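This structure is a prediction, so every number in the text was calculated from the model and none was measured. A note on names: the letters A, B, ... follow the listed sequences, proteins ahead of strands, and every chain is numbered from 1.
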Protein chains: 2
Amino acid sequence: MAEPLSPPALDADHLLDHLAARGYRMTGPRRQIVATLVERGSMTAQELYDTLRQAGSGIGRATVFRTLELLSQLGAVERVHRPDGCHSYVPARPGHHHHLICSDCGTVLEFSDCQLDGLLAGLAERTAFRIDGHWLEVFGLCQDCQTTAAGQR
Amino acid sequence: MAEPLSPPALDADHLLDHLAARGYRMTGPRRQIVATLVERGSMTAQELYDTLRQAGSGIGRATVFRTLELLSQLGAVERVHRPDGCHSYVPARPGHHHHLICSDCGTVLEFSDCQLDGLLAGLAERTAFRIDGHWLEVFGLCQDCQTTAAGQR
DNA sequence: CTATATGCAAATTCTTTGCAAATCG
DNA sequence: CGATTTGCAAAGAATTTGCATATAG
């Protein structure tokens, strides 16, 4: 029943391929954004901006937002939503999948066997909705953060 | 397999009971917000503000946000997220459930049989995460909006 | 009465836009 | 070179905060 779990990122180069594949340019800021995102696993636009600036990059806020939007459209990254309402971005793998997110450190794992087909078919039948998509995110604490949290008390 | 589907709202009075139950005051603005939300099914904070102002209410923006936050904490309303990133609020029923949302008109239906227990248990085992919660939203077009959309073309 | 709740206006935070300058191919 | 991309600064949303006033209980 279980499919293999994998860290969401392949590598930065693989994500950057999406740009070349559609004729977009390979620029310094885009490399920086992708590299940082792959390294961290998941970040908000603001975190990305702050991190890069602190690392000495001269990147602008607008570029961060524009690049994240472009990469989302290309399917290279995905937006995930936290219950508190903040939007993070994670490197994307191809195909249908969902995220298991550590509420503490932001680590993201992907899984693809959401087992919802039966449920969705039943819903469609009962409600007469035409179901176009769904959105599943699972929250918890990763092993490291469980240990850390325990140690803090 | 299918449990009954229900419109998310009971009635305004029932939702307002959450306030009394915890010692909060029953005020005009709170009544207006709850009544409007029950009537419409789902609205953003801004839509709520605009609607009430147009209806002649002297309510302030801050009150709308503060009230929605309070009602969320009390479990009287819930925040739902749209794929476009906007936050709406819906009257809440007790217990575990998820939402089926019409992407067009915003109609919200609830369902409670998410059938994810097996999946979550498997994930916990494979990942060593301590799983605390999950979040499932289903998007589609309700019957009315399917008809309307078809008619427009 | 008195603590709670409100409305307003200003302050924040988050995101987008306009545009001249920089840069990838 | 020439079109795309960038950084900046300013504009716009969305949301929060401070505080004097209004009001539920």
Does a salt bridge link Asp113(A) with Arg126(B), judged by any charged N lying under 4.0 Å from a carboxylate O? yes

Heavy atoms of chain B, cut-off under 4.0 Å: which first and last nucleotide of DNA chain C, 5' to 3', fall inside that, if you could look? dA3(C) to dC8(C)

Salt bridge (Lys or Arg N to Asp or Glu O under 4.0 Å) contacts in which one or both residues fall within residues 27-38 of chain B, not counting sequence neighbours: none

Heavy-atom side-chain contact between Val138(B) and Phe111(B) under 4.5 Å: yes

Taking only residues two or more places apart in sequence or in another chain, which ones pass side-chain contact (heavy atoms from CB on, under 4.5 Å) with Glu47(B)? Met43(B), Thr44(B)

Tell me every residue that passes ring pair (Phe, Tyr, Trp, His ring centres under 6.0 Å) with His87(B), counting only those two or more places apart in sequence or in another chain. His81(B)

Polar atoms only, N or O, under 3.5 Å: list the protein pairs with nucleotides 13-21 of chain D and their distances.
from, atom 1, to, atom 2, distance (Å)
dT15(D), OP1, His87(B), ND1, 3.1

Which atom pairs, one a donor and one an acceptor, fall under 3.5 Å between side chains of residues 58-72 of chain B and the rest of the protein, sequence neighbours left out?
from, atom 1, to, atom 2, distance (Å)
Thr67(B), OG1, Thr63(B), O, 2.7
Glu69(B), OE2, Gln73(B), NE2, 3.0
Ser72(B), OG, Leu68(B), O, 2.9

If we only count heavy atoms from C-beta on, is the Cys114(A) to His134(A) side-chain gap below 4.5 Å? yes

Mind checking whether Tyr89(B) and Leu48(B) have side chains closer than 4.5 Å, heavy atoms only? no

Flag the pair Leu74(B) / Tyr24(B) as yes when at least one side-chain heavy-atom distance between them is below 4.5 Å, and no otherwise. yes

Using the C1' atoms of the five pairs at each end, what is the angle between the end axes of the helix from dC1(C)-dG25(D) to dG25(C)-dC1(D), to 10°? 40°

Apply ring pair (Phe, Tyr, Trp, His ring centres under 6.0 Å) to His18(A) and list each qualifying residue two or more places apart in sequence or on a separate chain. none

Does any pair with a residue in residues 127-140 of chain B pass salt bridge (Lys or Arg N to Asp or Glu O under 4.0 Å), and if so which ones, sequence neighbours excluded? Arg130(B)-Asp132(B)

Keeping His98(B) on the side-chain end and Leu136(B) on the backbone end, is there a donor-acceptor pair under 3.5 Å? yes

Any side-chain heavy atom of Val34(A) sitting closer than 4.5 Å to one from Val77(A)? no

Contact list for DNA chain C against residues 49-57 of chain B - heavy-atom distance below 4.0 Å: Arg53(B)

Looking at Gln146(A) and Ala128(B), would you say the former's side chain and the latter's main chain have a donor-acceptor pair under 3.5 Å? yes

Residues in side-chain contact (heavy atoms from CB on, under 4.5 Å) with Asp17(B), at least two apart? none

Would you tabulate the nitrogen or oxygen pairs shorter than 3.5 Å linking the protein to nucleotides 22-25 of chain D?
from, atom 1, to, atom 2, distance (Å)
dA24(D), N3, Arg25(B), NH1, 3.2
dG25(D), OP1, Met26(B), N, 3.1

